[in-house]
Amino acid sequence: MSTPATTNPSRFGFASHLFCRECGATSELGATHVCAECFGPLEVGYDLPPLTTAAIEAGPPNIWRYASLLPVPPDVATAPSTEPGCTRLVRADHLARELGMGTLWVKDERANPTHSFKDRVVAVALAAAVEMGYKVLACPSTGNLANAVAAAAARAGVRSVVLIPADLEQQKIAATAIYGGTMVAVDGTYDDVNRLASELADEREDWAFVNVNVRPYYAEGSKTIGFEIAEQLGWRLPAQIVVPVASGAQLVKIDKAFRELISLGLVADTPYRVFGAQASGCAPVAAAFRAGHDVVQPVRPSTIAKSLAIGNPADGPYVLDVVRRTGGRVADVSDPEVVSAMRLLAVTEGIFGETAAGVTLGVLRRLLADGLLDPGAETVIINSGDGLKTLDALADGAADGDSAPAPIRPTLAAFRAFEDSLAAPDSP
Ligand SMILES: Cc1ncc(COP(=O)(O)O)c(C=O)c1O
Ligand SMILES: [Zn+2]
């Protein structure tokens with residue numbers, strides 16, 4: 001295990017220790033990610049100070065307004081970072097009407113610096129990695145994480161090394177290469193890439209693989225989605241939330257954020273249900289949920305939702321815990337349903353989300369159809385990434401009308417002929 005430097009726990013703000021999610025054993029904050037007793041995954045624990053909503057609201061317009069709830073140094077906002085967060089919570093009335101729902105919100109993560117929620121987790125991982133003396137920022141990635149790591153490293157002036165499955169979307173590859181770090185395309189699935197990264201993390205002592213050996217710190221960054229949703233609702237919790245699941249960390253940490261806000265007295269202790277969304281071509285957590293299992297059987301992914309294509313999800317069992325405790329579910333939808341939901345989100349709310357958004361909205365639709373989600377209860381869905389990065393999903397003609405129209409001559413007559421050719425009954 002890599003221990004590149006002695007760490008000073010006070011440099012992790014109000015984070016006070018690491019604890020094992022399996023056996024509860026505690027250890028000092030530092031460059032470890034597995035329990036010395038049972039090899040279970042470690043999580044960050046806090047000794048939180050009293051905190052007010054006013055103090056948070058007075059903070060910077062990015063995730064660092066929640067710095068005292070993260071394992072980062074108190075002066076984190078002064079270090080160069082991509083400053084993610086404070087993305088819009090969009091009230092989706094047209095979409096709600098279409099679905100027969102009452103109040104529906106979309107947490108739109110496209111507004112982050114590299115257009116997905118991954119900028120949040122990377123910013124926290126980078127801050128902690130710098131404190132621990134790591135020299136290189138690295139990751140295995142399904143695409144969005146590679147974008148975020150390469151950009152954050154460029155901004156911080158450190159080297160990045162990202163490992164991706166070779167069959168990734170072209171847009172995600174270009175949006176990583178532009179930042180100039182080292183990109184390694186691996187012939188294999190994400191789970192193969194992840195295994196290679198774990199081996200490298202053991203060997204390269206000063207490489208911080210954000211989601212491997214720095215994972216306890218990294219994962220805490222997803223709490224900021226939950227904090228923001230509560231703040232944007234006027235310091236209260238939604239009744240239902242639907243979250244995409246790859247490794248499952250985002251879902252688990254949104255629940256942790258809600259529970260922290262309740263325990264700090266910053267929001268009322270109102271009940272909420274957490275739902276997980278997967279693509280049918282990679283739905284190991286949904287399958288375990290349906291079967292009533294506590295463990296997740298790995299699968300080999302095959303879906304257009306490549307960002308969610310993790311067949312052996314590290315947080316799968318904890319996702320099951322959260323959804324069962326809160327009365328939610330994990331469900332999955334087919335690739336055609338994903339594309340159809342991407343289009344529905346775009347035409348109703350002007351939001352072009354990526355395939356992961358199609359998975360999340362598709363699952364919302366499915367749960368409503370099956371009577372498993374209350375249409376009258378206030379609901380939030382996460383749009384975790386940008387549709388411009390997953391254009392391939394639309395390029396095969398799977399979605400009518402997504403292709404470019406045939407060009408016309410620049411004359412009024414040509415325009416009128418074009419108009420006449422439109423099939424839409426409500427065209428002028
Ligand atoms: C766009 C998008 N949404 C959701 C997720 C799922 O995140 P997690 O691995 O925390 O479940 C990912 C993960 O790569 C992603 O890229
Ligand atoms: Zn343990």
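The shown structure was predicted, so the numbers you read here are calculated from the model rather than taken from an experiment. Whatever order the structure lists ligands and atoms in, that order sets their numbers, starting from 1.
Listed by chain and residue number, the protein contacts of ligand 1 are F117, K118, T142, N144, P244, V245, A246, S247, G248, A249, Q250, S307, L308, E354, A356, S384 (heavy atom within 4.0 angstrom).
Remark: F258 pairs with Y272 by the ring pair (Phe, Tyr, Trp, His ring centres under 6.0 Å) rule, at least two apart or across chains.
Checked for salt-bridge contact, K389 and D386 miss the test: no charged N lies under 4.0 Å from a carboxylate O. Ion pairing between R65 and E228 fails under the 4.0 Å rule for side-chain N and carboxylate O. We find that D370 and R329 are not joined by a salt bridge, their nearest charged nitrogen and carboxylate oxygen being 4.0 Å or further apart. Here R215 does not pair with E43 in a salt bridge; the nearest charged N to carboxylate O distance is not below 4.0 Å. Between R290 and D332 there is a salt bridge, since a side-chain N of the basic residue sits under 4.0 Å from a carboxylate O of the acidic one. Using a 4.0 Å cut-off between charged side-chain N and carboxylate O, D255 and R325 make a salt bridge. Between R204 and E199 no salt bridge is recorded (no basic side-chain N to carboxylate O distance below 4.0 Å).
The Zn ion (ligand 2) has C20 SG, C23 SG, C35 SG, C38 SG as its protein N, O or S neighbours under 2.8 Å.
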Side-chain polar contacts of residues 161-173 - donor-acceptor pairs under 3.5 angstrom, sequence neighbours left out - could you list them?
| from | atom 1 | to | atom 2 | distance (Å) |
| --- | --- | --- | --- | --- |
| K172 | NZ | E354 | OE1 | 3.1 |

